[in-house]
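Quick caveat, the model's predicted, so the values are computed rather than measured. Just so you know, ligand 1 is whichever comes first in the structure, and atom 1 is the first atom listed for that ligand.
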Amino acid sequence: MSPSEPLPLGATIGILGGGQLGRMSAMAAARLGYRCHIFAPEADSPAMQVSAANTIAAYEDVGALHRFAASVDVVTFEFENVPAATLAALEGKVPCRPGTRALSICQDRFAEKRFLVEAGVPVAPWRAVETMADLLAAITQIGLPAVLKTTRLGYDGRGQAVLRQPQDAAPAFERLAPKPLILEAFVPFTAEISAIAARGMDGAVAVFDAVENRHRHHILDLSFAPARLPAMAAAAARDHVARVASALGLIGVMALEMFLLPDGSLLGNEMAPRPHNSGHWTMDACACGQFEQHVRAVAGLPLGPVARHADAVMRNLVGPEGLAAWPALVARPDVVAHWYGKAEAKPGRKLGHANRLLALGSLSGLDDGAACGGI
Ligand code: AMP
């Protein structure tokens, strides 16, 4: 098979990672006539439950990786903390989409910030912090409040601390690991926005409407689609993610998280080179949602339509509270409910999500309570 041709029906997509993003990608792949083979260290993961083949092995197990490469037609990943060495061990044996470059940029906050700025997306002032002396110098330059973060393996707000007064610096520096850290100016945002782009093998880019995100305990709680933003800011958010996807040479989908400032401008915060929690609304409010776009891109198919046919509010179902909400949500006529098949409802664990669909164009006239309608 030539690398520029679409994968034939019945071909196998290898996915590194077994979580819900892999599960929903595998379900979208099945709809397009592809099989999935999941590679993950955990048995009975959400993605393995819905896939044709599984390998349960460590990401460092080179023998297992080589057997996996021989059994699939293309490889993708569903979370960005897959070791870059794992993807590097597969590249050259099988096409990897996205490749190691996109992965390694998104794994390192320094590389990510530099890349965003080069791609034309402004970011908050930041400094690299290796030692306590660096941190004190960075505080002098950036001022307080500021946010101190790990540069690698950050996830759902873990690995960060807000510094409000000088005495906060030393305990935060001691606690956060691994070093180096990054100090960012605290952004007085009025909303958190994200946008998702898909980029195909042919370089075509398609962008979903930008959404507004609300977090609870550092975990995404709600996404409002579309974001209730001035048209200029909404267009800028979409332009930003499209430029970044092109600059990365991405094949697949990516999310760009941004802060909206009081003057209507945007600052880039973080990006993820994979389907994203803030894009789950697209599964039910667009003809071709983010998971199908991802599979299309990785398989070399043309991208699908990204237009919204409904407005939507997505709620994450997290921990025991999420489990308790499920029976009522799955019974509602205005909600499409999704469950990930995780074994335990541990606090803080994402177990599913609910998409409440509203008439196209109606969200802008609603406050949050009315938009959520009790979901
Ligand atoms: P992150 O891990 O970078 O996505 O940060 C998690 C959350 O912390 C964000 O969604 C924001 O709510 C908050 N946050 C992160 N960086 C900043 C910042 N520089 N200023 C203000 N809030 C921030």
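- Of the N or O atoms in F186, none lie within a sub-3.5 Å distance of an N or O in ligand 1.
- Among H353, Q20, R23, the single residue meeting the side-chain hydrogen bond (donor to acceptor under 3.5 Å, both in side chains) criterion with Y340 is H353.
- Inclusion of V147 in the set of residues having an N or O under 3.5 Å from an N or O of ligand 1 is not warranted.
- Using a 3.5 Å distance cut-off with no hydrogens or angles, the side chains of T151 and D108 do not pair a donor with an acceptor.
- Judged by distance alone, the side chains of E91 and T100 do bring a donor and an acceptor atom under 3.5 Å apart.
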*asked:* Would F224 and W281 count as a ring pair (Phe, Tyr, Trp, His ring centres under 6.0 Å) here? Give the steps.
replied: CA-CA 9 Å; F224 296 87; W281 66 276; over 10 Å; no

Name the atoms and distances for all side-chain donor-acceptor pairs under 3.5 Å in residues 365-375, with sequence neighbours left out.
{"residue": "D367", "atom": "OD1", "partner": "G369", "partner atom": "N", "Å": "3.2"}
{"residue": "D367", "atom": "OD1", "partner": "A370", "partner atom": "N", "Å": "2.8"}
{"residue": "D368", "atom": "OD1", "partner": "R228", "partner atom": "NH1", "Å": "3.3"}
{"residue": "D368", "atom": "OD1", "partner": "R228", "partner atom": "NH2", "Å": "2.8"}
{"residue": "D368", "atom": "OD2", "partner": "R214", "partner atom": "NH1", "Å": "2.3"}
{"residue": "D368", "atom": "OD2", "partner": "R214", "partner atom": "NH2", "Å": "3.3"}

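- Under a 4.0 angstrom heavy-atom cut-off, A185 registers as being in contact with ligand 1.
- Considering Q160, E184, H215, E257 only, the shortest heavy-atom separation from atom 13 (C) of ligand 1 involves Q160.
- The distance criterion of under 3.5 Å between nitrogen or oxygen atoms is met by R109 with respect to ligand 1.
- Atoms of ligand 1 lying under 4.0 Å from any heavy atom of N269, numbered from 1 in the order shown and given with element: 1 (P), 3 (O), 4 (O).
- Closest heavy-atom approach to atom 21 (C) of ligand 1 within the set V187, V162, L220: this belongs to V187.
- Near F189, the atoms of ligand 1 lying under 4.0 angstrom from a non-hydrogen atom of the residue are 12 (O), 21 (C), 22 (N).
- Taking distance alone, with nitrogen or oxygen atoms compared against 3.5 Å, H218 stays at or beyond that limit from ligand 1.
- In this comparison of K149, E270, E192, the heavy atom closest to atom 16 (N) of ligand 1 sits on K149.
- Side-chain contact, T76 with H294: a donor N or O sits under 3.5 Å from an acceptor N or O.
- The side chain to side chain contact (heavy atoms under 4.5 Å, CB included) test applied to A57 returns F39, T55, D61, A64, not counting sequence neighbours.
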